[in-house]
Amino acid sequence: MIDFLNYIHRKQKDEILTEFEDDKVAKQYLDFLEKKEFIFYSTNSYFPDLSLRSINEDTSSIYFVTIVFSQFINENLDQIISNLNGLGVKRLHFHLTDEDSMSVIWNILNLLKFSRITNLSFTIPYQKIDKEIYKDNRLKTVYLYNSPKEKTIRNFEVSSFFIKKNSNNLFTPKFGLNTVDVNTNTFNIANNYNLSLYKTIFVDGNGIIRFNNLDRVNYGNITNSLHDIETKTIKKLSKIWNIQKKDIFPCNNCEFRFCCSATYIPKKENDKFEIECNYNPYNTELT
């Protein structure tokens, strides 16, 4: 769709219809774009092209954080949340392993009462949920793993996903529909940075900052001073953030390169950046 839009930009409608006269998909695209008022036709050029650098880019130093809860994290939770607030984190996810996670969740909710975080989620083992937590406006999603059956329940503004699989591979990078994020902001970020990794970190049970659960590089600790994280850690992370998908194989040939958020880390091989993805853009097959 994006490639099609770029191609027809500033062309005459009659010219487009003639060129794609026998292309059913192109006509479906045009009908959809017109119906949703995503495009319009004009004989005059009233609107200049927008810059590919988003004017609404988020000012947070770190935007999305996943934390594996542990005794160490619990003992340093006040300091961690203080750092998250200082970094401007908006989305926060906690992974819990306690069979009775409600007391931990309540403690986290209380500590976040005056935070800048607007989107909070948890993964927890299958258990009974205290429905009062659904009333917290920050809470958006709860994932319950090891569930006897799969289902989705909606309470207030919170979605609860019951999933059968265990926690072993919950955070292993994998492309799928749940990693596709289509909106103007992600498109603009993808044009300037690596959308999958930009301002996104994974914090293990020892507080070590990484890109995902398979990453073995230590970028610092979430309990370090805010100054150290902002000056040292983010400087290291940003080297990876700036590797765009147009420079990574096979992302550079993938139709999802502007909307994929699967957190694969590019590795340099023979002076080129590569990843091993479970999606093959050449035959459109998932593994």
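Computed from a predicted model, the values in this text were never measured in an experiment.
Under the 4.0 Å criterion applied to side-chain N and carboxylate O atoms, E150 and K165 are not assigned as salt-bridge partners. Between K27 and D22 no salt bridge is recorded (no basic side-chain N to carboxylate O distance below 4.0 Å). Between E19 and K11 there is a salt bridge, with a side-chain nitrogen of the basic residue lying less than 4.0 Å from a carboxylate oxygen of the acidic one.
Closest of all the heavy-atom pairs between I67 and V65 is CG1-CG1, 3.6 Å.
Annotation: side chain of V182 is in contact with side chain of C259 (closest heavy-atom distance under 4.5 Å).
Aromatic pair F4/F20: ring centres closer than 6.0 Å. Taking the six-membered ring where the residue is Trp, the centroids of F161 and Y143 are separated by under 6.0 Å.
Using modelled atom types, one side-chain atom of D204 and one backbone atom of G207 make a donor-acceptor pair closer than 3.5 Å. Judged by distance alone, the side chain of S147 and the main-chain N or O of L144 form no donor-acceptor pair under 3.5 Å. Distance alone, capped at 3.5 Å, is enough to place a donor-acceptor pair between the S238 side chain and the K235 backbone. Under a 3.5 Å cut-off, the side chain of N212 and the backbone N or O of T263 do form a donor-acceptor pair. In terms of modelled atom types and a separation under 3.5 Å, the side chain of Q127 and the main chain of P125 share a donor-acceptor contact. A donor-acceptor contact shorter than 3.5 Å is absent between the side chain of D228 and the backbone of N221. The backbone N or O of T184 sits less than 3.5 Å from a side-chain atom of N188, completing a donor-acceptor pair. A donor-acceptor pair under 3.5 Å links the side-chain atoms of N183 to the main chain of N185, judged by distance alone.
If you chain together ILVMFWY residues whose side-chain heavy atoms come under 4.5 Å of each other, L177 ends up in a group of its own.
The aromatic rings of Y193 and Y198 lie parallel to each other, with less than 30° between the two planes, well short of the 60° mark. In this pair, F256 and F175 present their aromatic rings tilted. The plane angle is within the 30 to 60° band.
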Evaluate the salt bridge (Lys or Arg N to Asp or Glu O under 4.0 Å) criterion for residues E34 and K13: first the C-alpha distance (whole Å), next the side-chain angles of each, then the deciding distance (0.1 Å), finally the verdict.
-> CA-CA 12 Å; E34 290 178 23; K13 184 177 181 180; 3.7 Å; yes
Walk me through it: do S60 and K90 pass the test side-chain hydrogen bond (donor to acceptor under 3.5 Å, both in side chains)?
-> CA-CA 8 Å; S60 302; K90 300 295 193 304; 2.9 Å; yes
Kindly determine whether K151 and S160 satisfy side-chain hydrogen bond (donor to acceptor under 3.5 Å, both in side chains), including the steps that lead there.
-> CA-CA 8 Å; K151 61 180 178 178; S160 296; over 6 Å; no
I108 and N110: side chain to side chain contact (heavy atoms under 4.5 Å, CB included), yes or no, with the steps?
-> CA-CA 5 Å; I108 292 172; N110 288 329; over 6 Å; no
Kindly indicate, with the supporting measurements, whether the criterion side-chain hydrogen bond (donor to acceptor under 3.5 Å, both in side chains) is fulfilled by E255 and Y279.
-> CA-CA 11 Å; E255 66 268 37; Y279 176 72; 2.5 Å; yes
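Side chains of N83 and N85: no donor on one and acceptor on the other come within 3.5 Å. Judged purely by distance below 3.5 Å, without hydrogens or angles, the side chains of Y264 and N278 pair a donor atom with an acceptor atom. Of the N and O atoms on the side chains of K245 and S196, at least one donor lies less than 3.5 Å from an acceptor on the other residue.
Each of Y145, F69, F202 was evaluated against H95; a single residue qualifies, Y145, per the ring-ring contact (aromatic ring centres under 6.0 Å, His included) test.
Note that K236 lies outside the cation-pi zone of Y219, set by a 6.0 Å cut-off to the ring centre and a 45° limit from the axis.
Other residues, nucleotides and ligands contribute at most 12 non-hydrogen atoms within 6.0 Å of the CD atom of E157.
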